[in-house]
Amino acid sequence: MSINKMSLRIAGAAGQGVESTGAGFSLALSRGGLNLFTMQDYMSRIRGGLNFFQIRVAPNEIFTHTDNIHLLLALNKEAFDTYRTDIVPGGGIIYDQDMKVEDKELEDDGIKAFASPIIEIAEDVGGNRLMTNTAAVAISSGITGFSFEKIGEVIENSFAKKGKQIVEGNLRVAEVAYDFGRDTYYDQFEYHLAEVDRPPRMMINGNQAFSLGALASGCRFISSYPMTPATTIMEILASHAEEYGVLVKQTEDEIAAMCMAIGASHMGVRAMTATSGGGFSLKVEALGLAGMTETPVVIVNVQRPGPSTGLATRTEQGDLRFMLHASQGEFPRLVLTPGTVEQAFEAGARAFNLAEKYQTPVIVLSDQFLGVSSRVLEQDTFDFNGVNIDRGELLRPEDLDKLEEDYQRYVFTETGISPRAIPGSHEKAFYPVTSDEHGPDGHILEDRTNRFRMMNKRMKKLETASIDLWQPELYGPEEADITFVAWGSTYGPLREAVDWLNDDGSSANMLHLPQVWPFPEKRVSEILSGARRVIGVESNFSAQLAGLIREETGFHIGSNILRYDGRPFSPNYITQCLEEERFNAQTI
Amino acid sequence: MSINKMSLRIAGAAGQGVESTGAGFSLALSRGGLNLFTMQDYMSRIRGGLNFFQIRVAPNEIFTHTDNIHLLLALNKEAFDTYRTDIVPGGGIIYDQDMKVEDKELEDDGIKAFASPIIEIAEDVGGNRLMTNTAAVAISSGITGFSFEKIGEVIENSFAKKGKQIVEGNLRVAEVAYDFGRDTYYDQFEYHLAEVDRPPRMMINGNQAFSLGALASGCRFISSYPMTPATTIMEILASHAEEYGVLVKQTEDEIAAMCMAIGASHMGVRAMTATSGGGFSLKVEALGLAGMTETPVVIVNVQRPGPSTGLATRTEQGDLRFMLHASQGEFPRLVLTPGTVEQAFEAGARAFNLAEKYQTPVIVLSDQFLGVSSRVLEQDTFDFNGVNIDRGELLRPEDLDKLEEDYQRYVFTETGISPRAIPGSHEKAFYPVTSDEHGPDGHILEDRTNRFRMMNKRMKKLETASIDLWQPELYGPEEADITFVAWGSTYGPLREAVDWLNDDGSSANMLHLPQVWPFPEKRVSEILSGARRVIGVESNFSAQLAGLIREETGFHIGSNILRYDGRPFSPNYITQCLEEERFNAQTI
Amino acid sequence: MLRPSDFIVYQKPTWCPGNPSCGNFHILSTIRTTLAELNLAPHQAIISSGIGCGSKMPDYTKINGFMGIHGRPLAVASGMALANGEQVVIAITGDGDGYAIGGNHFIHTMRRNINITHIAQNNQVYGLTKGQYSPTSQKGYKSKTSPYGAIEPPINPMTHALAGEASFVSRTFAGDREHMVRIFKEAIQHRGYALVDVLQPCIIFNRVNTYEWYGARVYDVEEDGHDRRDKSAAWRLAQLWGEKIPIGVLYQEERPTYEDQEVALRNGSLVKQELKLLNPVQVEKLKALFL
Amino acid sequence: MLRPSDFIVYQKPTWCPGNPSCGNFHILSTIRTTLAELNLAPHQAIISSGIGCGSKMPDYTKINGFMGIHGRPLAVASGMALANGEQVVIAITGDGDGYAIGGNHFIHTMRRNINITHIAQNNQVYGLTKGQYSPTSQKGYKSKTSPYGAIEPPINPMTHALAGEASFVSRTFAGDREHMVRIFKEAIQHRGYALVDVLQPCIIFNRVNTYEWYGARVYDVEEDGHDRRDKSAAWRLAQLWGEKIPIGVLYQEERPTYEDQEVALRNGSLVKQELKLLNPVQVEKLKALFL
Ligand SMILES: Cc1ncc(C[n+]2csc(CCOP(=O)(O)OP(=O)(O)O)c2C)c(N)n1
Ligand SMILES: Cc1ncc(C[n+]2csc(CCOP(=O)(O)OP(=O)(O)O)c2C)c(N)n1
Ligand code: SF4
Ligand code: SF4
Ligand SMILES: [Mg+2]
Ligand SMILES: [Mg+2]
């Protein structure tokens, strides 16, 4: 018997409500005080195909899913057939009683067959086949013994908009289904879920957390063009447009999105744009414009697998190097690579400060796995009060009053940072800026000495920004036989892999980089040069961070665990690769 | 007294005919059998400002200009004042007699003042102030003692279109001016030019040479959007559109340019596009489309200094890394970095073969310095007959006849290369291709095992292409105290710097890469690991090739001579940096 | 003789089933019918599409297909048509694809009059990305990115096509297969650029512009005796959108295609020209330019 | 009271001098006059321009300027206008800039009716890149990229602006300063997007469309008693290009701007909103969404 330690996978076709069912059930679990990690696997289509939503519950805090599941809720036959092999012995599978399945075989594998009158209950009790999902969730709840009250609450909330009748219908269906599950199968099933009494907590994913961070730090403008898996950032901000005074502009294309954000930021508003690879590609030219004009701007790239359209709804970390070198010529940029929901919030809260302090584009490089996977966090995890709005060297009207000469936008300084006046904020606040090389006053200037100095000035900001680095985290024992190196969303699966290894008597730790540019050379060199064995873990083909590390430190990571099939890492995948020594392009 | 060993700089405002005068004079010199190198320095404006055209003549073959000049033809006062300090003692300066100058000072510096009735001759003899340039060239010719016949010939050719009267007027002006120069100053001037009797040779620059290579290897389609300094490639091809059956399409923007080239290539036509940094940025998304669909396509980036618009008419090598990583995700691409006019031709001749053999985008990374600087070459330098048109694994109708099943576009192979059928070329030649991940038959496929295999297949092509590398050249003695490393247009100035050093008793050689991707790891490692002292020479801020070398080989080049003021390297700049140990961002 | 079923492939459409189902099903079957009726074998035509629900069309059709990137089908198709004038080139875009991100290619391809049939699947919404408003969504349209209702007037493909000198301007409705077949055929047979804006119900995200909604409004302009050569009349019709929505051919003119006027095509299609080394005369001529 | 000379800076125009000189000189002095007459101090207006000869305007004007990248002035200007509704936002594009590479922003900015004055310096050629044909070059126009003459009909900014629902559609001529001043002033005073297409002779590369050429053809539509509220009449005038070229205001309508309708602007300009931490109520509300 195990309590609050299991993974549930809800699987079916797009349009069958996999996502809403998963989201609803996890919300109920979250409200029930459980620790969760949810992840989604879905195809690029609106209906049909095979998708799943997986909820992992654990007594301790968790940062990842794992490959094995304990309970499968199969909404159709394909889901049943495809995923039953992922179920651990002793696990179970819920399916409609009318589905033709070989329950004999299940038994042989030690898997419990929880055939259930899902549709029947929906139709008979609710009078509506659309209530199937309600029935399915409630049965799952009953089988695991989870609180009916919480399920009921979520049902009430989610159907509230549709009117009392629908709410009541669903509740009736839920009740009957719940009872069926509990009465019929609860005793046979060893994985139980039990409410834990604690103050309400937040269930939140990477895109949401980033958006909160952005709101907290004063983002007031987002111009974007929809692109999976980044769209929800714009959508979240849009839903708060009025309340927080955030202007959300869906544009005609990504070029406009980037340029509008630059225009808004130039006028003094904290501005951002969010997209995925293809959209980022279209922003590349204007990225350089921001670099050259020293306009602060935040660009989020929620990665998905390329090249080109690739696997539009899946995950990968294939864009690291692209972020570092996108756009012609050389200019400073900062690249944040948050690995957890907490770091996603922090990235949102940091990015706008960094952009304004260094007057440069800041790229937040996330990915689908981080963007859509939820965790449950204490309410005070995100320190809203601790957010510090630092606009950098921004001239106030009093400062401008004191100016004796014309204001010079790009005056040379020690740090490379030139105090910024917002156009129109004062009668002295006018000046030209240009994408051409320019003199300190912003006017076009081709002089070669000025060019050297301006290049040095701009690039100097990168050095200045190095004092402000978001330093890598060393997770696990200080000293270990294996040091894994990772960035971005690999954090979760790798962290747990490290735990597993240490629990198993090996010794391992993880060096994780939440910021890759400017490169935290000192810290990385220090750790790696002292490490016994170093293994990179990246969700791409070329081991891009490993390459960057070699370029920046000389340290050569010869063994990399790579994944580039569009699916996120799991601790299982990592430990298996390690065991079987499948390094570099030798994938599983 | 020195014969055929000097540099002449023609300087003045845009609109004064600096370029046409320089081009005309160098053509005459070329026809006179001299060895030349010409370079241009001009501002981003149509009229005004200060531009120059520099012609270097030498008895031996030369690959670069140098910083010192022997004769300055100053078309205005600003040119006079700005450039007189670049004149070597014993050199001279030609200017109109009405220009107010301090000839006393010139004398002190050992510079000869060649005040001349330039405008007067044009007006009095030609009756037309527009003939000033003719007068100026002819005076220069007279002062240096160069053949009047050749000058006359060029004048005839270039004014032929304007009618007999204009030709004759110019010839009369030229005669008088020539005589003036010869009679008044020839004896005082020690730098003479004398016709050399040899078969006619070609005077040609990098953009022209590339275009010839492209034509030779069967380029039949170019879609581009104008962008300095790449526009002339499209213009050259346009001027031959009818004769060579090349379709030249000026598009609405660079995105369309790239996409049209992809569309044309998909239909079986050798296709290209040419641009500079900003335009390349706009092609980034479609670059990935070519990578994913395995469509051959050639993209030329004639670099200019960034970021953004930067210095639009100048030179830099700031885009190396950008070329390697542009576009989301990972896919194979080849990057050629020709360093000389000969290599530019070869790049044109190779690129289309490589693109079709490896079914992938090929980037030709040139720059303004290579693109617009001319050299004089023997007529057989470009081996047109030796050009080999290799379309790679292209299925002929006979091959398709034999097919028993439906044709599969992306069949898995050892080399990663799948035989290509041109759509519509046969009744079996139909298939889908997509920017989404796909199966061997080209249909969309999200399966994870297929994804791994398709990624491996595509990336395998990079390995396959490594047997076909354009290997680095080691110039100079096999063993040397200093080994310089360079790519692209740095070839010329660095080659001469190496010569100077060796002539001076030092010992130096140069490793030059005409292709940077796939990276010629073996050869570079071999040379560098055996080198005594290695110094990188690059026209950018970050020493991008040095970084790549460290990433790929582990070899760390700590000292780099860099230039990023928009001006090309010269042997003087390089040797001075070496002498003063100005490495990395410590520029002159 | 080809039959519509000759264009079926094993890949099953991923569009939303239902009753009624996604308008794309009807467009797909209409394309098959059209190809069959025009007797175009799978290798004789090519579809260049973008990214969006409808852009998956080539994945479900036995034909040459190029599913490119979002917004660029017309640019890719232009390259195809210029390279091989013997292929029938069809560009398929969504409304987002063709009129939002692809708007620049839209306005420039029209005036060039390159021989392309442009089928725009206009469902007035972003389908594949789950329901954001599109440039053709009507004012006030609510979606996750316009929770307060869209505040910009929609783009009108018909007026733009007339302003952009398209030589064939038409609209049809996915709920009327017969009408679609007729228009598709005319568009393919038209020499030059032909726009077919297809009103295509998205049954999942667009709950406003449904089969019924369109069905109650559309009427063919021919019924009113419209003369498709009359541009002023076309301009007036183009502006109608409300109680009555005109479908059919609003405008057609005959004028030379881009290909007709392009010097490099005087000897026929580029793909038909043998790819061989330059001959000695050509080489000498080239060299002479630099002597 | 401001004078035109108050907008002079030390940077000297790099345009081609001559007699007549480049049309941009006249546009520059007209902009200075307009700003002075409207009493707009240098910090009260901003020009967003692209890359091209005319786009260097802000370098020669004492004013806020943003010389961005080729084709994007309208997009940058949109961000500016949305962020700070109190600044006068002027977008300056060339014909290549605004109608070729920037075409997509052109068609979408118009319908939004964001408060921007768009001055398009239409010299029917690519000036800064040395004379290639542009999307407004007339058919047959010869240039280095069209040595056999351009084979596509030019884009017509006027018809596109009408199709694109621009609320102010006008044309003027760089050879007529008085006319320019009047139109610039009207355009800036118009609430919403205002197009001013300026016929601007390029004395170096365009030897066809010269001062004389334009001068002999242009006439103000008001002379003919044109009613600028009449869209059909405007459409007819928009198509004229030949012996007679209409200038002046072809069309104007009053309708709410984008800014008028945007919820985030209900409390005024974004830049006027204090940038401060969320208050506890806001934080609680946000958190509650995830509980
Ligand atoms: C450059 C780029 N930006 C955004 C996307 C994401 N995207 C895919 S389809 C789509 C819009 C779909 O709308 P539409 O073109 O109308 O086609 P529909 O799905 O409605 O048929 C978007 C924005 C993308 N694939 N590429
Ligand atoms: C992305 C990009 N593509 C191309 C260019 C090169 N370019 C600079 S100005 C220009 C066109 C100029 O024409 P137009 O916009 O009509 O302005 P004009 O110079 O005629 O005033 C071009 C193509 C560029 N700067 N950026
Ligand atoms: S989302 Fe809409 S357009 Fe897309 S397949 Fe479904 S019904 Fe069709
Ligand atoms: S090239 Fe033409 S548009 Fe440009 S500055 Fe000269 S005259 Fe004016
Ligand atoms: Mg749509
Ligand atoms: Mg122009």
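In this text the structure is predicted, and so the values were computed from the model without any measurement. Only heavy atoms go into these numbers, but all of them, side chains included; no hydrogens, no water, no symmetry mates. Just so it is clear: chains get the letters A, B, ... in the order the sequence lines come, proteins before strands, and each one is counted from 1.
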Do the side chains of [Y] and [X] get nearer than 4.5 Å, heavy atoms only?
X: C:Ile90; Y: C:Ile116; value: no
X: C:Leu38; Y: C:Ile188; value: yes
X: C:Thr33; Y: C:Phe7; value: no
X: C:Cys22; Y: C:Gln200; value: yes
X: C:Ile31; Y: C:Ile92; value: yes
X: B:Val248; Y: B:Val246; value: yes
X: B:Val298; Y: B:Cys219; value: no
X: C:Ile204; Y: C:Lys130; value: no

### Task
State whether a side-chain donor-acceptor pair under 3.5 Å links C:Asp197 with C:Tyr99.
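The criterion, which ignores hydrogens and geometry beyond distance, is satisfied for C:Tyr99 and C:Asp197.
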
Under 4.5 Å from any heavy atom of chain C - which part of [X]:
X: B:Ala261; answer: neither
X: B:Ala286; answer: both
X: B:Ile262; answer: side chain
X: B:Leu27; answer: side chain
X: B:Leu212; answer: side chain

### Query
To the nearest 0.5 Å, how far apart are CZ in C:Phe106 and CD1 in C:Ile101?
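Going from CZ on C:Phe106 over to CD1 on C:Ile101, the span is 15.5 Å.
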
Count the heavy-atom pairs under 4.5 Å between each of [options] and chain B, then report the option with the highest count.
options: C:Val76, C:Leu291, C:Leu277; value: C:Leu291
options: C:Ala83, C:Ala41, C:Gly65; value: C:Gly65
options: C:Ile51, C:Val283, C:Leu278, C:Ile69; value: C:Ile69

### Message
Tell me which of these, B:Ala429, B:Pro200, B:Gly442, has more heavy-atom pairs under 4.5 Å with chain C than the rest.
### Response
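Most pairs with chain C among the choices: B:Ala429.
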
### Query
chain C: which of B:Gly424, B:Gly218, B:Ala256, B:Ala216 shares the most heavy-atom pairs with it under 4.5 Å?
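Counting heavy-atom pairs under 4.5 Å, the top option is B:Gly424.
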
### Message
Treating C:Asp95 as the side-chain partner and C:Val125 as the backbone partner, does any N or O pair qualify as donor plus acceptor under 3.5 Å?
### Response
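Indeed, once roles are kept as given, a pair shorter than 3.5 Å links the two residues.
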
Please tabulate, one pair per line, the N or O donor-acceptor pairs under 3.5 Å between chain C and chain B.
from     : atom 1 : to       : atom 2 : distance (Å)
C:Tyr10  : OH     : B:Asp441 : OD2    : 2.5
C:Gln11  : NE2    : B:Ile444 : O      : 2.9
C:Asp59  : O      : B:His443 : ND1    : 3.2
C:Asp59  : OD1    : B:His443 : ND1    : 2.7
C:Asp59  : OD1    : B:Ile444 : N      : 3.3
C:Asn64  : OD1    : B:Tyr431 : N      : 3.1
C:Asn64  : ND2    : B:Ala429 : O      : 3.3
C:Gly65  : N      : B:Tyr431 : O      : 3.1
C:Gly65  : O      : B:Val433 : N      : 2.9
C:Met67  : N      : B:Val433 : O      : 2.8
C:Met67  : O      : B:Ser435 : N      : 2.9
C:Gly68  : O      : B:Ser435 : OG     : 2.8
C:Asn104 : ND2    : B:Asp253 : OD2    : 3.2
C:His105 : ND1    : B:Glu252 : OE2    : 2.9
C:Arg112 : NH1    : B:Glu252 : OE1    : 2.9
C:Arg112 : NH2    : B:Glu252 : OE1    : 2.8
C:Tyr258 : OH     : B:Lys249 : NZ     : 3.3
C:Arg266 : NH1    : B:Glu242 : OE2    : 2.6
C:Gln282 : O      : B:Tyr244 : OH     : 3.1
C:Lys285 : NZ     : B:Glu243 : OE2    : 2.6
C:Lys287 : NZ     : B:Gln379 : O      : 2.9
C:Phe290 : O      : B:Met203 : N      : 2.9
C:Leu291 : O      : B:Arg31  : NE     : 3.3
C:Leu291 : O      : B:Arg31  : NH2    : 3.3

Please state whether the side chain, the backbone, both or neither of [X] comes within less than 4.5 Å of a heavy atom of chain B.
X: C:Ile107; result: neither
X: C:Pro42; result: both
X: C:Val9; result: side chain
X: C:Leu289; result: side chain

### Query
What pairs with C:Ser29 under side chain to side chain donor-acceptor pair (under 3.5 Å), at least two apart in sequence or on another chain?
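Scan of C:Ser29 (side chain to side chain donor-acceptor pair (under 3.5 Å), adjacent residues dropped) gives C:Arg177.
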
### Task
With C:Ile47 as reference, evaluate C:Val88, C:Ile63, C:Thr117 under the side chain to side chain contact (heavy atoms under 4.5 Å, CB included) test and give the passing residue.
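Output: one option passes, namely C:Ile63.
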
